[in-house]
Engineer: 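The structure is given below, and queries will be raised subsequently.
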Amino acid sequence: MLLFKKVSDLRKHIFNERNIGKTVGFVPTMGALHQGHISLIGKSIKETDLTVCSIFVNPAQFNENADLKNYPRSPGKDIDLLTASGCHVLFMPAASEVYPDNYKQLHQFDFGYLEQPMEGAHRPGHFQGMAKVVSRLLNIVEPDSLFMGQKDYQQFAIVQEMLMQMNSETKLVMCPIIREKDGLAMSSRNMRLDKMPRLIAPVIFHTLTEAKQNAKSQTPKQIKEAAMEMLSLPGMKLEYFEIVDGKTLHPVEYFEQFETVIACTAAKLGGVRLIDNMVIKS
Ligand code: AMP
């Protein structure tokens with residue numbers, strides 16, 4: 001695997017590979033990699049000729065300084081995991097490469113309702129910061145395909161909208177959520193969970209699973225009430241549990257109205273913020 005730190009070096013390499021007919025797959029990450037990230041790399045390797053992974057902890061998308069400071073970082077282990085996965089290129093830029101002094105955002109995005117509920121309501125500025133870095137990275141890498149996880153469902157919907165607004169030809173590929181054996185969605189933040197919160201954490205998956213099972217016989221309102229009760233445990237601070245339309249993210253009152261319905265939730269456990277979701281009707 002080749003490691004690049006400079007935009008110009010990375011672009012030169014990609015240019016040369018493209019010239020010999022290779023297609024490019026891109027997996028942007030913030031590092032502290034786990035098997036969830038590696039599944040995205042695997043899909044990119046399968047579907048494209050040259051897989052580029054980036055690791056950049058983007059200050060612009062953190063709305064709390066403490067979260068940015070405490071965000072796990074494990075560059076040595078990340079490089080080992082990526083090498084073993086067969087990833088071709090790792091881009092690990094400094095902030096000054098991603099946002100040089102003369103950097104001007106090419107597009108100002110208005111995502112309308114997509115950025116308002118759920119993560120948007122609880123993490124002000126997060127999606128604009130995420131869009132800033134993803135659009136910048138897309139301008140650098142210019143991939144044929146971009147691989148992102150269902151784990152961040154709202155982020156995926158916003159990136160989809162962003163690509164449309166950019167008139168981008170990059171194909172966005174959704175990759176399924178990879179979970180621990182007990183159901184907890186893999187996340188870089190999981191390593192910050194103490195023993196007790198880690199034991200409790202799978203309740204999020206169980207609640208989503210129950211929501212899915214009950215979607216056949218109950219209303220969204222009934223499901224949401226039951227879920228909120230399941231998730232009100234000591235030490236757990238539920239931020240939201242929403243049942244939304246998979247396309248617009250508007251709350252769903254009746255399942256019959258929509259083709260794809262997703263249950264999305266976020267909760268803090270022992271100070272660690274966890275998010276998860278499940279398609280409960282498709
Ligand atoms: P992050 O490093 O948290 O910014 O995540 C980078 C990419 O990996 C995003 O597209 C995430 O949605 C995806 N991802 C994170 N966790 C998982 C998981 N458990 N399963 C699948 N994809 C994931």
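Atoms within a ligand are numbered from 1 in the order they appear, just like the ligands themselves.
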Engineer: With heavy-atom distances below 4.0 Å as the criterion, list the atoms of ligand 1 near L40.
Structural biologist: 7 (C), 8 (O), 10 (O), 13 (C), 22 (N)
Engineer: Mark up the atoms of ligand 1 that fall under 4.0 Å of a heavy atom belonging to M148, in ascending order.
Structural biologist: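 Selected atoms, number and element: 10 (O).
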Engineer: Is P176 in contact with ligand 1, taking contact as a heavy-atom separation below 4.0 Å?
Structural biologist: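 It does, in that a heavy atom of P176 comes within the 4.0 Å cut-off of ligand 1.
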Engineer: Answer with yes or no whether the side chains of Q165 and E161 bring together a donor and an acceptor at under 3.5 Å.
Structural biologist: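 Distance-only check passes for E161 and Q165.
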Engineer: Tell me the nearest of C53, S39, G36, S54 to atom 18 (C) of ligand 1, using heavy-atom distances.
Structural biologist: G36
Engineer: Any side-chain donor-acceptor pair under 3.5 Å between Q222 and N214?
Structural biologist: no
Engineer: Which atoms from ligand 1 have a heavy atom of P28 less than 4.0 Å away?
Structural biologist: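 In order of number, 6 (C), 7 (C).
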Engineer: Does a side chain donor of either E115 or Q128 reach within less than 3.5 Å of an acceptor in the other side chain?
Structural biologist: yes
Engineer: Regarding ligand 1, does G31 bring an N or O atom to under 3.5 Å of one of the ligand's N or O atoms?
Structural biologist: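 In fact, backbone or side chain, G31 has no N or O that close.
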Engineer: Note the single closest protein heavy atom to atom 10 (O) of ligand 1, along with its residue, its atom name and the distance in Å.
Structural biologist: G149 N, 2.9 Å
Engineer: Is A185 in polar range of ligand 1, meaning some N or O pair under 3.5 Å apart?
Structural biologist: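 Not met; the criterion fails.
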Engineer: Is the backbone of G112 close enough, under 3.5 Å, to the side chain of D110 for a donor and an acceptor to pair up by distance?
Structural biologist: yes
Engineer: Check the side chains of T83 and D80 for a donor-acceptor pair under 3.5 angstrom, ignoring hydrogens and angles.
Structural biologist: no
Engineer: Name the closest protein heavy atom to atom 3 (O) of ligand 1, giving the residue it belongs to and the distance to 0.1 Å.
Structural biologist: Y71 OH, 3.8 Å
Engineer: Do Y71 and N58 have a side chain donor and acceptor closer than 3.5 Å?
Structural biologist: no
Engineer: Can T23 and D49 be said to form a side chain to side chain donor-acceptor pair (under 3.5 Å), step by step?
Structural biologist: CA-CA 5 Å; T23 55; D49 303 318; 3.2 Å; yes
Engineer: With a 3.5 Å distance limit and no angle check, can you tell me whether N277 reaches the backbone of K151 through a side-chain donor-acceptor pair?
Structural biologist: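 Checking the backbone N and O of K151 against the side chain of N277, a donor-acceptor pair under 3.5 Å is found.
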Engineer: Report yes or no: does S188 contribute a side-chain atom to a donor-acceptor pair with the main-chain N or O of A32 at less than 3.5 Å?
Structural biologist: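 Yes: the side chain of S188 pairs with the backbone of A32.
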Engineer: Please check whether S188 reaches ligand 1 - meaning an N/O of the residue sits under 3.5 Å from an N/O of the ligand, judged on distance alone.
Structural biologist: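 Between S188 and ligand 1 (N or O atoms, distance only) the closest approach is not under 3.5 Å.
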Engineer: Nearest to atom 1 (P) of ligand 1, what protein heavy atom do you find, and at what distance?
Structural biologist: H37 NE2, 3.7 Å
Engineer: Considering heavy atoms of the protein only, find what lies nearest to atom 20 (N) of ligand 1 and give residue, atom and distance to 0.1 Å.
Structural biologist: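 Here the nearest protein heavy atom works out to I178 N, 2.9 Å.
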Engineer: Note the single closest protein heavy atom to atom 23 (C) of ligand 1, along with its residue, its atom name and the distance in Å.
Structural biologist: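 Looking only at protein heavy atoms, the one closest to atom 23 (C) of ligand 1 is K151 CB, 4.0 Å.
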Engineer: Please confirm whether H34 approaches ligand 1 to less than 4.0 Å, judged on its heavy atoms.
Structural biologist: yes
Engineer: Please check if the side chain of N167 supplies one atom and the backbone of E169 the other of a donor-acceptor pair under 3.5 Å.
Structural biologist: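 Not a single qualifying donor-acceptor pair exists.
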Engineer: List every atom of ligand 1 that sits less than 4.0 Å from any heavy atom of M186, numbering the atoms from 1 in the order shown and giving each element.
Structural biologist: 16 (N), 17 (C), 18 (C), 19 (N)
Engineer: Is it the case that more than 12 heavy atoms not belonging to M196 sit under 6.0 Å from its CE atom?
Structural biologist: no
Engineer: Could an N or O of ligand 1 be found under 3.5 Å from any N or O of S187, whether backbone or side chain?
Structural biologist: no
Engineer: Nearest protein heavy atom to atom 11 (C) of ligand 1, by residue and atom, and its distance?
Structural biologist: D152 OD2, 3.1 Å
Engineer: Considering non-hydrogen atoms of the protein only, which is the closest contact for atom 4 (O) of ligand 1, and what is the distance?
Structural biologist: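 Ranking protein heavy atoms by distance from atom 4 (O) of ligand 1, first comes M30 CG, 3.7 Å.
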